[in-house]
Amino acid sequence: MNAQTPSFTSAFDPYVYQTLQSITGATLIVQTTQGTVTGSLKTVMPDHIVLESGGSSFYIRIQQIVWVIPKS
C-alpha cells in the first residue's frame with residue numbers, strides 16, 4: 001500500500017488580507033457567496049476572518065467574500 005500525504009493549497013490575497021487587518025475591530029457588512037453577515041471584525045487570518053454578530057462567532061473564508069462595507 002502506498003501512503004500519500006494530503007496537501008492543502010489555498011489562494012492568498014494579500015490586498016484583501018492587509019485591508020481587513022487595517023479595520024480590525026470595526027463593524028462590517030460582509031457579503032459572502034452564501035449571504036450577508038453584519039458584525040464586529042474580531043480576527044483576520046490569511047485564509048479566514050472571525051466576525052462576531054449577536055453573541056456568535058462567524059468564521060468566514062476570505063475566498064468566499066464577495067464584498068465588505070465598513071459601517072460608521
Side-chain angles (χ1 to χ4, degrees):
M1 187 159 123
N2 184 6
Q4 294 182 359
T5 304
S7 64
F8 176 73
T9 304
S10 177
F12 176 69
D13 190 337
Y15 297 106
V16 173
Y17 175 71
Q18 290 174 347
T19 300
L20 290 170
Q21 274 193 320
S22 73
I23 57 174
T24 299
T27 299
L28 306 178
I29 303 170
V30 178
Q31 175 69 47
T32 72
T33 57
Q34 299 299 309
T36 303
V37 182
T38 301
S40 177
L41 181 60
K42 294 299 180 186
T43 307
V44 179
M45 302 300 283
D47 64 333
H48 72 279
I49 64 171
V50 179
L51 204 67
E52 188 174 296
S53 179
S56 297
S57 294
F58 291 83
Y59 296 80
I60 302 169
R61 292 180 61 206
I62 289 179
Q63 292 176 335
Q64 299 298 310
I65 296 174
V66 177
W67 49 257
V68 175
I69 300 174
K71 290 181 75 174
S72 344

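Just so you know, residue 1 is the first one in the sequence shown, and it goes up from there.
- The main-chain N or O of E52 is never found under 3.5 Å from a side-chain atom of S40 such that the two would form a donor-acceptor pair.
- Of the listed residues (T24, L20, V50), just one forms a side chain to side chain contact (heavy atoms under 4.5 Å, CB included) with T43, and that residue is V50.
- The ring-ring contact (aromatic ring centres under 6.0 Å, His included) contacts involving residues 44-72 comprise nothing, where partners must be two or more places apart or lie in separate chains.
- Pairing each heavy atom of P46 with each of Y17, the nearest pair is N-CE1, 3.4 Å.
- Residues S53 and G39 approach most closely at CB-CA, 4.2 Å, considering heavy atoms.
- With contacts defined as side-chain heavy-atom distances shorter than 4.5 Å, the pair I49/I65 qualifies.
- Linking Ile, Leu, Val, Met, Phe, Trp and Tyr residues whenever their side-chain heavy atoms come within less than 4.5 Å leaves V66 and V44 in two separate clusters.
- Across every non-hydrogen atom of L28 and P70, the tightest pair is CD2-CA, 3.7 Å.
- T33 pairs by the side-chain hydrogen bond (donor to acceptor under 3.5 Å, both in side chains) definition with Q64, not counting sequence neighbours.
- Nearest heavy-atom pair, L41 versus I23, reported as atom, atom and distance to 0.1 Å: CD2-O, 3.9 Å.
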Practice task
Check step by step if side chain to side chain contact (heavy atoms under 4.5 Å, CB included) holds for I62 and D47.
Solution key: CA-CA 6 Å; I62 289 179; D47 64 333; over 6 Å; no
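- Residues forming a ring-ring contact (aromatic ring centres under 6.0 Å, His included) with Y15 (at least two apart in sequence, or on another chain): none.
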